[in-house]
**Q** 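One structure, pasted below without further comment.
We name chains A, B, ... by the order of the sequence lines, and we start the count at 1 in each one.
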There are 2 protein chains.
Amino acid sequence: MNSPHLTAIVQNPGLTSPAAVAGSAASFASPTFSPLYQQIKALITQSLQSGEWKPGELIPSENELALRFKVSQGTVRKAIDEMSADNLVIRRQGKGTFVATHHEARSQFRFLRLLPDEGVPHYPENRIVEVKRLRAPADVARLLDIKSGDSVVFLRRVQSFSAIPTILDDLWLPGSIFKGLTAERLNEYKGPMYGLFESEFGTHMIRASEQLRAVCADESAAQLLNVDVGTPLLNVERVSFTYGDKPVELRRGLYLTSAHHYQNELS
Amino acid sequence: MNSPHLTAIVQNPGLTSPAAVAGSAASFASPTFSPLYQQIKALITQSLQSGEWKPGELIPSENELALRFKVSQGTVRKAIDEMSADNLVIRRQGKGTFVATHHEARSQFRFLRLLPDEGVPHYPENRIVEVKRLRAPADVARLLDIKSGDSVVFLRRVQSFSAIPTILDDLWLPGSIFKGLTAERLNEYKGPMYGLFESEFGTHMIRASEQLRAVCADESAAQLLNVDVGTPLLNVERVSFTYGDKPVELRRGLYLTSAHHYQNELS
DNA sequence: AAGTGGTCTAGACCACTAT
DNA sequence: TAGTGGTCTAGACCACTTT
């Protein structure tokens, strides 16, 4: 049915067929090769990155995509299956496939692993302590993959559960992306910051890498969290990434773990 | 091709066909129903649990299993795909599908998330401090899903990286499963304890749930880890599960995080 | 050469959602 | 009723490993 070299869609240069298709015995060695469904996955991800389909929006159906890319529906299905496993899209039977968004009850706790020892989890209240622009120190620049001295937005906030200060976060964001970020904007916004980043700055976080350590509260932390100096705190350093594995946020959090814990599932 | 009610294999009571099969329009409401591949997955998992195929061993090929269960190879494939994603089995192209085992370089760090801040990860040395049998306290019994007062094996050990004590672990294990566990046995064994548990006690860990907190070293911890009293430590409480989500290990670890960190990927 | 998992296609029907 | 994703089948060929 298909020629061994698939030309796929007009906008794209053409897929490299990795395997002979049904009814044909075509076979050839390709210098760089990947399965068709991986190429489809990459193309769809590019469309997400370029903003062709924005977070929360419906993407074309499997059949439409199969026609567009000139592959079978099953191949598109396998591509989207993986993207669904990667939390890039969400499938809803009968409705369609939607671009993942941080504006959902479902994803409120996706990146917040601090849970109460007792009782039901609920989202904390935010208090912005400080917002300023500064030149990136070397260590920050390295983690954000920008140049030392580049403009960054620095942000400090305190999160409270039931009016008890529990999380002190310091954030560094590339100035080039988060231009108009102000304390007012942050204070009037309810819910996870990643929702704001997504809507206002077109930056959708897809994954994060965290490093945890135990530390003692210094004076500044003790004051903001209303604890004694020397209180043990969970230090969480996070780098968050958007499409293309581009780092776009550095966060250093201090978690008070006397009534909460960091939950992690190993498998 | 297939009858709507599949009788599958002799040892098993028969699968409930959730969907009409190709060429037939059979359809019926089932009170409890799940997709065929989920039922296959459950059956294969039962065989793992019963020890029909042991860790490290080769399981039958997809075609053999398809014949045994009287379903198509694609359905078996989907079942095994999920089991592979769950780390229950490992697929090797050209060789077959193997039962996951903790006796592999690949899985040495599967449950050990503490990495050095600098340099290459390597596996720590073990020192068993204490092994004894005791009656399960209420909190331990609850987490291990046994009765308060049941026999448990208690174990304390220190793990060191390059001769620097870094992890102090207290473990509680159900006495019914870990009967002959002694300090000698543990000391002569090299590598992850889960390998020993698997080989000597037939208990393979499939997942674990961890709760992290920051604490201060008490006198006993300070002595064993060679740090000052009050040093901040990462407290990791872990419950590990074997097949059937049965809890079989409770572990309370204290991690020294001055030169190491707990690494976690969020997605 | 034979057997394994990996990819791809084609077509059928089901479950669910919206109109 | 039409369209979506979800399941299941059947068959082909590929890549890899072992005999």
Side-chain angles (χ1 to χ4, degrees), chain A residues 1-6 8 15-30 33-41 57-67 69-85 89-98, chain B residues 1-6 8 15-30 33-41 57-67 69-85 89-98:
Chain A
M1 282 300 187
N2 278 315
S3 60
H5 291 86
L6 300 175
L15 307 177
T16 307
S17 175
V21 292
S24 121
S27 161
F28 61 96
S30 179
F33 120 97
S34 75
L36 258 186
Y37 74 87
Q38 290 286 4
Q39 301 177 46
I40 305 296
K41 185 180 172 184
E57 286 181 5
L58 185 65
I59 75 171
S61 73
E62 294 177 357
N63 279 319
E64 278 182 74
L65 291 169
L67 287 174
F69 297 131
K70 291 203 168 52
V71 298
S72 79
Q73 186 250 14
T75 298
V76 171
R77 179 163 194 80
K78 178 141 187 177
I80 296 183
D81 271 347
E82 285 204 356
M83 298 184 67
S84 178
V89 298
I90 297 177
R91 323 187 73 145
R92 296 192 205 282
Q93 190 178 30
K95 300 174 92 167
T97 301
F98 298 80
Chain B
M1 281 307 186
N2 278 314
S3 60
H5 291 86
L6 300 176
L15 307 176
T16 306
S17 175
V21 291
S24 119
S27 161
F28 60 96
S30 178
F33 118 97
S34 75
L36 257 185
Y37 75 89
Q38 290 286 5
Q39 300 177 46
I40 304 296
K41 185 181 172 185
E57 288 182 4
L58 186 66
I59 76 171
S61 73
E62 294 177 356
N63 280 320
E64 279 182 74
L65 291 170
L67 287 174
F69 297 131
K70 292 203 165 51
V71 298
S72 78
Q73 186 249 17
T75 299
V76 170
R77 181 163 192 80
K78 179 140 187 177
I80 296 182
D81 272 348
E82 285 204 356
M83 297 184 66
S84 178
V89 297
I90 296 177
R91 322 189 73 146
R92 297 193 204 281
Q93 191 176 29
K95 301 176 91 169
T97 301
F98 298 80

**Q** For A/Leu58 and C/dT17, what is the distance between atoms CG and C1' respectively, to the nearest whole Å?
**A**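 Whole-Å distance recorded here is 12 Å.
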
**Q** Do you know the tightest heavy-atom contact between A/Thr75 and A/Tyr37?
**A**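 Taking every non-hydrogen atom into account, O-CB, 3.7 Å.
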
**Q** Between B/Tyr37 (OH) and D/dG5 (P), how many Å, whole number?
**A**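 Those two atoms, OH and P, are 16 Å apart.
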
**Q** Whole-Å distance between C/dG3 C1' and B/Ile59 CD1?
**A**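 In whole Å, C/dG3 C1' lies 15 Å from B/Ile59 CD1.
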
**Q** Look at A/Arg77 and D/dG6 and indicate whether a side-chain polar atom (N or O) is within less than 4.0 Å of OP1 or OP2.
**A**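 True: A/Arg77 side-chain N/O within range (under 4.0 Å) of D/dG6 OP1/OP2.
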
**Q** In whole angstrom, give the distance that lies between atom CG of A/Asp81 and atom P of D/dC8.
**A**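 It works out to 14 Å between those atoms.
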
**Q** Enter the distance from A/Leu67:CG to A/Gln73:CD here, rounded to the nearest 0.5 Å.
**A**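 Separation between the atoms: 10.5 Å.
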
**Q** Should A/Lys78 be listed as having a side-chain N or O under 4.0 Å from OP1 or OP2 of C/dC8?
**A**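 For A/Lys78, the contact criterion (side-chain N or O under 4.0 Å from OP1 or OP2 of C/dC8) is not met.
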
**Q** Of the nucleotides C/dT7, D/dT9, D/dG6, which has the atom closest to the A/Glu62 side chain?
**A**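 Selected nucleotide (nearest to the side chain): D/dG6.
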
**Q** Could you give the CD-to-C1' distance, from A/Gln73 to C/dT7, as a whole number of Å?
**A**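 Answer to the nearest Å: 15 Å.
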
**Q** Distances under 3.5 Å between protein N/O atoms and the N/O atoms of nucleotides 1-3 of chain D, please, pair by pair.
**A**
from: D/dG3; atom 1: N2; to: A/Gly94; atom 2: O; distance (Å): 3.0

**Q** Picking from C/dG5, D/dG5, D/dC8, which would you name as closest to the side chain of B/Arg91?
**A**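 Within the option list, the nearest is C/dG5.
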
**Q** Does the side chain of B/Thr97 get closer than 4.0 angstrom to OP1 or OP2 of C/dG5 through an N or O atom?
**A**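 Checking C/dG5 against B/Thr97, a side-chain N or O does come within under 4.0 Å of OP1 or OP2.
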
**Q** Taking only residues two or more places apart in sequence, or in another chain, which ones meet B/Ile80 in a side-chain contact (heavy atoms from CB on, under 4.5 Å)?
**A**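 Expected list: B/Ile44, B/Ile59, B/Glu62, B/Leu65, B/Val76, B/Val89, B/Arg91, B/Thr97.
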
**Q** Could you state the CD1-C1' distance from B/Ile90 to C/dG5, rounded to the nearest angstrom?
**A**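 Distance, rounded to whole Å: 14 Å.
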
**Q** Please report the distance, rounded to the nearest Å, between CG in B/Asn63 and C1' in C/dG3.
**A**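 One finds 9 Å between C1' of C/dG3 and CG of B/Asn63, rounded.
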
**Q** Would you mind reading off the distance between B/Phe69 atom CZ and D/dC8 atom C1', rounded to a whole angstrom?
**A**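 The distance from CZ of B/Phe69 to C1' of D/dC8 comes to 16 Å, rounded to the nearest Å.
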
**Q** Report the nucleotide, chosen from D/dT4, C/dC8, C/dG6, that has the shortest atom-to-atom distance to any side-chain atom of A/Thr75.
**A**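 For A/Thr75, the side-chain atoms sit closest to C/dC8.
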
**Q** Once you round to the nearest 0.5 Å, how far does CG of B/Leu58 lie from CZ of B/Arg92?
**A**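 Separation between the atoms: 10.5 Å.
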
**Q** A/Glu82: which residues meet the salt bridge (charged side-chain N to carboxylate O under 4.0 Å, His left out) condition with it, sequence neighbours left out?
**A**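 So A/Glu82 forms a salt bridge (charged side-chain N to carboxylate O under 4.0 Å, His left out) with A/Lys41.
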
